[in-house]
Undergrad: 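Once you've had a glance at the structure underneath, I'll fire off some questions.
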Amino acid sequence: MSETSAQAIEESPVVDRPAAVRLRDVGKTFRKRRRETTALEEVNLDIAAGEFLCLLGPSGCGKSTLLSILAGFIEADTGEVLMDDRPVTGPGPDRGVLFQTPTLFPWLTTRQNVLYGPRARRALTPEVREEAAELLETVGLAEFADAYPHELSGGMRHRAAFARVLINHPRVLLMDEPFGALDAITRAGMQRFLLELWQRRRTTIVFVTHDVEEATLLGDRVSVLSGRPGRTKAVVDIDLPRPRTYDDTETLAFVTAKRRIREVLEQ
Ligand SMILES: Nc1ncnc2c1ncn2[C@@H]1O[C@H](COP(=O)(O)OP(=O)(O)OP(=O)(O)O)[C@@H](O)[C@H]1O
Ligand SMILES: [Mg+2]
């Protein structure tokens with residue numbers, strides 16, 4: 001994303017003010033008894049407020065580790081992680097995290113799952129309840145508000161987990177291969193949903209995938225990591241018009257962008 005468009009987003013009167021994220025020389029080595037695994041080494045990345053950034057790289061290159069550091073679940077050994085110039089020191093409601101497997105409490109209904117965050121923060125106002133109802137409508141689960149997770153399909157569980165994150169109005173959404181386990185049709189539906197949502201809210205998104213097509217369809221930029229230890233190999237701009245839909249994947253411009261990313265990945 002260009003600086004001007006990032007600025008325009010910053011200045012526009014949005015409710016959810018997205019945050020800029022900066023990684024400086026981030027490194028992480030896991031030490032278990034005598035084994036040492038350097039997962040990340042000197043990773044540098046500047047993510048503009050409101051940007052949709054995809055993180056792409058081979059299995060084991062440290063993508064999930066990087067996301068966990070951004071989420072504040074684990075600490076980097078070297079370097080720093082900044083959100084709007086403030087260091088990340090732990091997890092917080094300003095960052096919403098979605099994993100490959102949706103995490104819902106099985107003993108709570110869809111609505112109760114969505115309201116879990118506000119309830120935990122003792123912020124369960126009538127307005128929040130109203131918002132939960134609207135969110136369930138948006139993700140197409142209004143009819144399943146009182147259903148339990150085991151009564152939902154895989155895609156529905158993903159949407160419920162999504163609503164549960166969105167009610168907290170995170171300034172950054174961290175997504176770790178969230179659609180990896182879904183079938184092609186459900187996955188395309190979730191991608192469409194995410195694009196529409198981002199178009200509306202302009203939350204900063206860091207989206208991990210190892211699918212080149214998915215990264216090209218979703219991202220403003222794609223950061224390609226090298227094999228372990230992960231380093232930023234290149235950051236590729238995706239200059240395709242927005243809003244994007246799945247139909248765009250057949251255009252020449254799309255195929256060209258995809259090829260460029262694949263070349264970087266294979267270098
Ligand atoms: N808690 C941990 N303890 C020890 N080693 C770990 C831990 N978490 C990750 N690693 C190691 O760090 C490296 C990077 O792992 P990570 O899960 O971040 O990769 P990834 O890029 O997300 O891979 P994938 O695409 O398969 O999900 C791997 O070698 C892994 O074994
Ligand atoms: Mg991973």
Side-chain angles (χ1 to χ4, degrees), residues 21-47 52-83 88-91 95-104 154-155 157-158 161-162 165 170 172-184 186-187 190-191 194 204-219 221-236 238 258 261-267:
V21 178
R22 202 179 318 153
L23 294 160
R24 282 279 165 273
D25 298 324
V26 168
K28 178 75 190 174
T29 299
F30 292 103
R31 292 182 178 84
K32 284 257 166 75
R33 292 187 199 95
R34 256 182 259 154
R35 205 176 59 226
E36 277 197 4
T37 311
T38 299
L40 298 167
E41 206 169 70
E42 288 175 35
V43 175
N44 286 287
L45 203 56
D46 273 313
I47 306 165
F52 198 135
L53 182 102
C54 290
L55 262 181
L56 193 76
S59 181
C61 76
K63 303 182 293 296
S64 295
T65 304
L66 194 57
L67 220 64
S68 296
I69 290 172
L70 287 174
F73 297 151
I74 60 172
E75 224 181 307
D77 300 329
T78 64
E80 56 179 1
V81 181
L82 303 169
M83 246 183 88
V88 166
T89 51
R95 280 147 294 147
V97 189
L98 277 162
F99 300 101
Q100 185 164 3
T101 318
T103 42
L104 295 169
R157 266 177 238 156
H158 269 275
F162 223 145
V165 165
V172 179
L173 257 179
L174 304 167
M175 309 179 78
D176 195 356
E177 299 191 45
F179 314 142
L182 300 174
D183 67 88
T186 310
R187 183 178 204 178
M190 289 305 291
Q191 288 169 338
L194 179 60
T204 309
I205 298 183
V206 185
F207 188 101
V208 169
T209 178
H210 45 229
D211 184 330
V212 178
E213 177 155 304
E214 183 167 63
T216 314
L217 174 65
L218 300 177
R221 292 189 302 156
V222 178
S223 170
V224 182
L225 295 181
S226 64
R228 203 179 61 234
R231 281 165 168 266
T232 312
K233 218 173 175 183
V235 183
V236 182
I238 308 293
K258 219 165 76 174
I261 297 169
R262 193 164 288 137
E263 277 165 11
V264 175
L265 201 56
E266 286 164 5
Q267 257 164 30

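FYI, side chains are in, hydrogens and waters are out, and symmetry mates aren't considered; it's all heavy atoms of this structure. All ligand and atom numbering here is 1-based and tracks the order in the structure.
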Undergrad: Any idea which protein heavy atom is nearest atom 26 (O) of ligand 1, and the distance to it?
TA: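 Answer for atom 26 (O) of ligand 1: Ser59 OG, 2.6 Å.
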Undergrad: Provide, to 0.1 Å, the distance between atom 28 (C) of ligand 1 and the closest protein heavy atom, together with that atom's residue and name.
TA: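 Atom 28 (C) of ligand 1 sits closest to the protein heavy atom Gly60 O, 3.9 Å.
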Undergrad: Do NZ/NE/NH1/NH2 and the carboxylate oxygens of Arg231 and Glu41 come within less than 4.0 Å?
TA: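 Looking at Glu41 together with Arg231, the answer is yes, because their closest N to O distance falls below 4.0 Å.
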Undergrad: For Gly62, is at least one N or O under 3.5 Å away from an N or O on ligand 1?
TA: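 Yes; the residue has a nitrogen or oxygen that sits under 3.5 Å from a nitrogen or oxygen of the ligand.
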Undergrad: Using 30° and 60° as the class boundaries, would you call the ring planes of Phe179 and His158 parallel, tilted or perpendicular?
TA: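 If you compare the ring of Phe179 with that of His158, the planes turn out perpendicular.
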Undergrad: Which residue and atom name correspond to the protein heavy atom nearest atom 25 (O) of ligand 1, and how close is it?
TA: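 Atom 25 (O) of ligand 1 sits closest to the protein heavy atom Lys63 NZ, 2.7 Å.
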Undergrad: So, taking the atom named OG1 in Thr209 and the one named CD in Gln191, what distance separates them when rounded to the nearest 0.5 Å?
TA: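 With rounding to 0.5 Å, OG1 (Thr209) is 8.5 Å from CD (Gln191).
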Undergrad: In terms of residue, atom name and distance, what is the protein heavy atom nearest to atom 3 (N) of ligand 1?
TA: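 The closest heavy atom on the protein side is Lys32 NZ, 3.2 Å.
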Undergrad: Looking only at protein heavy atoms, which one is nearest to atom 17 (O) of ligand 1, and what is the separation?
TA: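 Heavy-atom neighbour on the protein nearest atom 17 (O) of ligand 1: Ser64 CB, 3.7 Å.
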Undergrad: Kindly confirm or rule out an N or O of Gly57 lying under 3.5 angstrom from an N or O of ligand 1.
TA: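 Checking ligand 1 against Gly57, no N or O pair falls under 3.5 Å apart.
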Undergrad: Around atom 6 (C) of ligand 1, find the nearest protein heavy atom and jot down its residue, atom name and distance.
TA: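 For this ligand atom, the closest protein heavy atom is Phe30 CD1, 3.3 Å.
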Undergrad: Side-chain contact, heavy-atom cut-off 4.5 Å: Arg31 with Asp77?
TA: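 Side chain of Arg31 against side chain of Asp77, heavy atoms only: contact under 4.5 Å found.
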Undergrad: By number and element, which atoms of ligand 1 are closer than 4.0 Å to a non-hydrogen atom of His210?
TA: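 Numbered from 1, ligand 1 contributes 25 (O).
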Undergrad: Tell me the closest heavy-atom pair linking Gly57 and Leu265, and the distance in Å.
TA: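 Closest pair (atom of Gly57, atom of Leu265, distance): CA-CD1, 4.3 Å.
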Undergrad: Answer yes or no: is there a donor N or O on one side and an acceptor on the other, between the side chain of Lys63 and the main chain of Leu55, under 3.5 Å?
TA: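 A pair under 3.5 Å: no.
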Undergrad: Quick test: of every protein heavy atom, which one is nearest to atom 18 (O) of ligand 1, and how far off is it to 0.1 Å?
TA: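 Nearest protein contact, heavy atoms only, for atom 18 (O) of ligand 1 is Thr65 OG1, 2.5 Å.
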Undergrad: Could you check if a side-chain atom of Lys28 sits within less than 4.5 angstrom of a side-chain atom of Val43, using non-hydrogen atoms only?
TA: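 Side-chain contact under 4.5 Å: no.
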Undergrad: Using a plain distance cutoff, I'd like to know if Thr37 has any nitrogen or oxygen under 3.5 Å from a nitrogen or oxygen of ligand 1.
TA: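 In this structure, Thr37 places no N or O atom under 3.5 Å from an N or O of ligand 1.
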Undergrad: Do the side chain of Thr38 and the main chain of Pro229 share a donor and acceptor less than 3.5 angstrom apart?
TA: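 No, the answer is negative, given that no donor and acceptor are paired below the 3.5 Å cut-off.
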Undergrad: So, the side chain of Asp176 versus the backbone of Ser64: is there a donor-acceptor pair under 3.5 Å, distance only?
TA: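 No.
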Undergrad: Atom 30 (C) of ligand 1: protein heavy atom closer than 4.0 Å?
TA: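 It does not; no protein heavy atom is within 4.0 Å.
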Undergrad: Does Leu70 reach the side chain of Arg95, with side-chain heavy atoms less than 4.5 Å apart?
TA: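 No; the side chains remain at least 4.5 Å from each other.
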Undergrad: Using a cut-off of 2.8 Å, how many protein N, O or S atoms sit around the Mg ion (ligand 2)?
TA: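 There are 1 of them.
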Undergrad: Can you find a pair of side-chain heavy atoms, one from Thr216 and one from Val236, that are under 4.5 Å apart?
TA: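 No, their side chains stay 4.5 Å or more apart.
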Undergrad: Look at Lys258 together with Asp211 and state whether they make a salt bridge at an N to O cut-off of under 4.0 Å.
TA: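 Looking at Asp211 together with Lys258, the answer is no, because their closest N to O distance does not fall below 4.0 Å.
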Undergrad: Quick one: which ligand 1 atoms are inside 4.0 Å of a heavy atom on Glu177?
TA: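 What qualifies from ligand 1 is 25 (O), 27 (O).
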Undergrad: Does any N or O of ligand 1 fall below 3.5 Å from an N or O anywhere on Ala39, backbone included?
TA: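 It does not: no N or O of Ala39 is found under 3.5 Å from an N or O of ligand 1.
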Undergrad: Within the side chain of Thr232, is there an N or O that forms a donor-acceptor pair under 3.5 Å with the backbone of Asn44?
TA: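 The answer is yes, because a donor-acceptor pair under 3.5 Å joins these two groups.
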Undergrad: Please check if a non-hydrogen protein atom sits closer than 4.0 Å to atom 22 (O) of ligand 1.
TA: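 So atom 22 (O) of ligand 1 has protein heavy-atom neighbours under 4.0 Å.
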